[in-house]
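Take a look at the structure below.
Computed from a predicted model, the values in this text were never measured in an experiment. Note on naming: letters A, B, ... go to the chains in the order of the sequence lines (proteins, then strands), and numbering restarts at 1 for each one.
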Protein chains: 2
Amino acid sequence: MVNWATDDDPHRRLPLSTSPTAPAAPATPERPVPARTGGRAGKRQAITQGARTVFGREGYSRTSIEAIAAEAGVSTRTIYNHFEGKDQLFSDVVHDSAGQVADAFIATVEKQVTGTDPRTDLLALGRAFVGQRTQFPEHFAMIRQIKAEVQHFPAAVIDAWQQAGPQRVQQEVARRLQQLADAGLLRIPEPARATVHFIALVTSEITIRPYGSPALGPAQVRDCVTRAVDAFLHGYGTDSAAGAPR
Amino acid sequence: MVNWATDDDPHRRLPLSTSPTAPAAPATPERPVPARTGGRAGKRQAITQGARTVFGREGYSRTSIEAIAAEAGVSTRTIYNHFEGKDQLFSDVVHDSAGQVADAFIATVEKQVTGTDPRTDLLALGRAFVGQRTQFPEHFAMIRQIKAEVQHFPAAVIDAWQQAGPQRVQQEVARRLQQLADAGLLRIPEPARATVHFIALVTSEITIRPYGSPALGPAQVRDCVTRAVDAFLHGYGTDSAAGAPR
DNA sequence: AGTAAAGTACAACGTGCATGGTAAATTGGG
DNA sequence: CCCAATTTACCATGCACGTTGTACTTTACT
C-alpha cells in the first residue's frame, strides 16, 4: 500500500540535520551476532545481492520480485519476510551498496595516494575514482536508474543515498585536492568547483562515450585518466589566450 | 508482439554505413505538404509532443499509452492509428526530439560564436551547450531514461538517436575548438579528447549536482560556464607542478 | 532428537496496462 | 452540403506482477 515509486506527490523534503549514522540499535541480546555468512542472515545478504544485480540490469519498474528471488535463489515469500515490499527493498539496497562503494573508494585512495608529487597523486586519485565504475558495474547501473527516476523516489531515500555514497566520495576528493593546494602545488580558488571539475574530467570519456559501445579496456581507462589529469593541471589554452582567469 | 523493451536478447548490431540522412521519401504526391499545423498531421504532432513530455517525466516502462493520450488530448486509439505501438512511438519521439535539439544548438552556435577572441567564443559555445538542457528539459529527462535503459532498447534505435543528436552536437563543438586551435589560440593535441573534456567541464556542475536539489538559476549557470571555461583554458596547476604534459 | 524459527510451494486476488475490434461521431476538403 | 478519412468511446482480452494467506518442509540450535 506504499508504492511511492508511482506516487503522485513525490519529493517531500527531509531534515538532514539528524545524525547520519542512526543511533545503534539497543543491543538485541536475542541474536548475539549470528554469523553474518550463516543461514538466516545469509538469506538477507543473498536477497540484497541479487536485488542489486537485477535492479541494475532492469531498472526499478521493470524488476519483478520473482526475478530477484530467482537471482538470489530464494522464494518470493522469503523476500516479503525480510522486507516490507519492493520499494523498501530498493532503498535498502541502494543505501547499502552506496556505502560499500564509498568505503572501497576511500580505502583505495588511502593506499594509492602516496603524496610523492602532485601529478602522481592526481593520477592515483583519478584512477581510484574511475575504478569504482569498473569494480562495481552493477551498482552504477543502479545509480543510472536512480538518476533517471529521481522524481519517483521520495526525497528521504535520495538524501540517504547521497549521504551514504556520493557525498562521502566527493568530500574525500575535495580533501585530497585541498591538501595539494595547501602545499602550493595546485591553485584552487574555489574548492567545490575544482572538485567537480576534476571528477567531470576523469569520468568524461566513460560518461560521454556513445551508449551501447563496448566498455573501454583497462589500458584505455588509464590513458583517459592521464589525459584528464593533464587537462586538469594545464588546460588547453596558449600564452596568447586573452583574459587570464585572474 | 514486438515489445523489444523487455526483450531477452537485446543489442543486435546495425551497420552504420548507410547514409545518416535517410534518402528523401519518394515525394508522396498524395499529400502535397499538408499544413503541418492542420488537423490530421497536427494530431501526430500533438502525440509526439505529449509523448515526449510523459516519457521524460515517467520513463519508458512507467508511461502508459493512456497517459500520453491524455497529455496529447487524443484518444488512445488514435495513437495506435499513427504508430505501431509504444516502442515505435518511443523511438520516433527520441529521434525527432534529438534532431530538433541538435538543430537548435547548431543554430545558436552559429549566431553566438562570433570569433572575436578565444575566451569569448568558448563562453558562447559553453553557454549554448548548457542552454540545451535548460531549453529542452523534457528532452533531457527522456535522455536520462535512455541512458539508464540502453540495454533494453535495440541497438538500431540507440544508433539512430546518437546520429541524429549527440554526434552532430559533439561534432559541432569539435569543429569550433579546432578552428581556435588552427588559429593558434588553443593547444589541442587530441581533438576528440579535448571536445569531451570541454563538454564535461561546462556541464559538470549541472550533472554532478546532488539529485533532487533545485535547478540552478540562469546567473548561476552563466557562472558555472565561466569557471569551466577558465578551467579548460588554464587548468589548476601551478608552475611548480612537476611533469608537464609534453 | 526435538523444537521453534525460517523458508518454500502454491494458489489467489486485484490492478494496471498494451493492444485490438467495432460502430458511432466528427471533421476537413470539394 | 456531402463524402471519405479520421477520430472517438467503449468494450474485451490477455498478461504480468505486487502482495498476501496457508499449510508443508527445512534448518539451526540445545
Crowded around A:Arg222 CZ? As in, over 12 foreign heavy atoms under 6.0 Å?
-> no
Test applied, side-chain contact (heavy atoms from CB on, under 4.5 Å); reference residue, A:Glu71; option that passes from A:Glu66, A:Gln49, A:Arg57 = A:Arg57
Can you tell me the distance, in whole Å, between the CD1 atom of A:Ile79 and the P atom of D:dT20?
-> 13 Å
Classify the side-chain pair B:Ser75/B:Thr78 by whether it contains a donor and acceptor separated by less than 3.5 Å.
-> yes
Assign each of B:Arg44 and B:Thr76 to its nearest nucleotide of DNA chain D by heavy atoms, then name whichever residue's nucleotide is nearer the 5' end.
-> B:Arg44
Using the six-membered ring wherever Trp is involved, compare the ring planes of A:Phe55 and A:Tyr60 and label them parallel, tilted or perpendicular (cut-offs 30° and 60°).
-> parallel
For B:Leu89 and C:dT19, what is the distance between atoms CG and C1' respectively, to the nearest whole Å?
-> 14 Å
In whole angstrom, give the distance that lies between atom CD of A:Glu66 and atom C1' of C:dA11.
-> 13 Å
Could you work out which one of C:dT19, D:dT7, D:dT20 sits closest to the side chain of A:Tyr80?
-> D:dT20
Remember a base hit wins even if backbone is also touched, and classify B:Thr63 as base, sugar-phosphate or nothing at under 4.0 Å, heavy atoms.
-> sugar-phosphate
When the C1' atoms of the five terminal pairs at each end define the local axes, what inter-axis angle does the helix from C:dA1-D:dT30 to C:dG30-D:dC1 show, to 10 degrees?
-> 30°
Checking D:dT7, C:dA18, D:dG18 against the side chain of A:Lys86 (C-beta onward), the nearest is D:dG18
For the pair B:Phe129 and B:Phe105, name the ring-plane relationship: parallel under 30°, tilted 30 to 60°, perpendicular over 60°.
-> perpendicular
Can you check the B:Glu58 CD to C:dA18 P distance for me, whole Å?
-> 12 Å
Would you indicate which nucleotide in C:dT8, D:dT7, D:dC17 comes nearest to any side-chain atom of B:His82?
-> D:dT7
Closest to the side chain of B:Ile65, out of D:dG18, C:dA18, D:dT7, is C:dA18
Would you mind reporting whether B:Thr48 and B:Phe83 have side-chain heavy atoms less than 4.5 Å apart?
-> yes
Residue A:Arg77, side-chain atoms from C-beta onward, closest of C:dT8, C:dA18, D:dG18 | C:dT8
B:Ile68 atom CD1 is separated from C:dC17 atom P, nearest whole Å, by 12 Å
Among C:dA9, D:dT7, C:dA18, find the nucleotide with the atom closest to the side chain of A:Ser75.
-> C:dA9
Between A:Tyr60 (OH) and D:dC17 (C1'), how many Å, whole number?
-> 12 Å
Taking OP1 and OP2 of D:dT8, is either one under 4.0 Å from a side-chain nitrogen or oxygen of B:Thr78?
-> yes
Atom-pair distance (CG on B:Asn81; P on D:dA9), nearest Å = 13 Å
Distance-only polar pair, side chains of B:His152 and A:Glu58, donor-acceptor under 3.5 Å = yes
Is a side-chain donor-acceptor pair under 3.5 Å present for A:Gln88 with A:Asp92?
-> yes
Could you state the atom-to-atom distance from CD1 of B:Ile47 to C1' of D:dT7 in whole Å?
-> 10 Å
For C:dT27, does either OP1 or OP2 sit under 4.0 Å from a side-chain N or O belonging to B:Lys43?
-> no
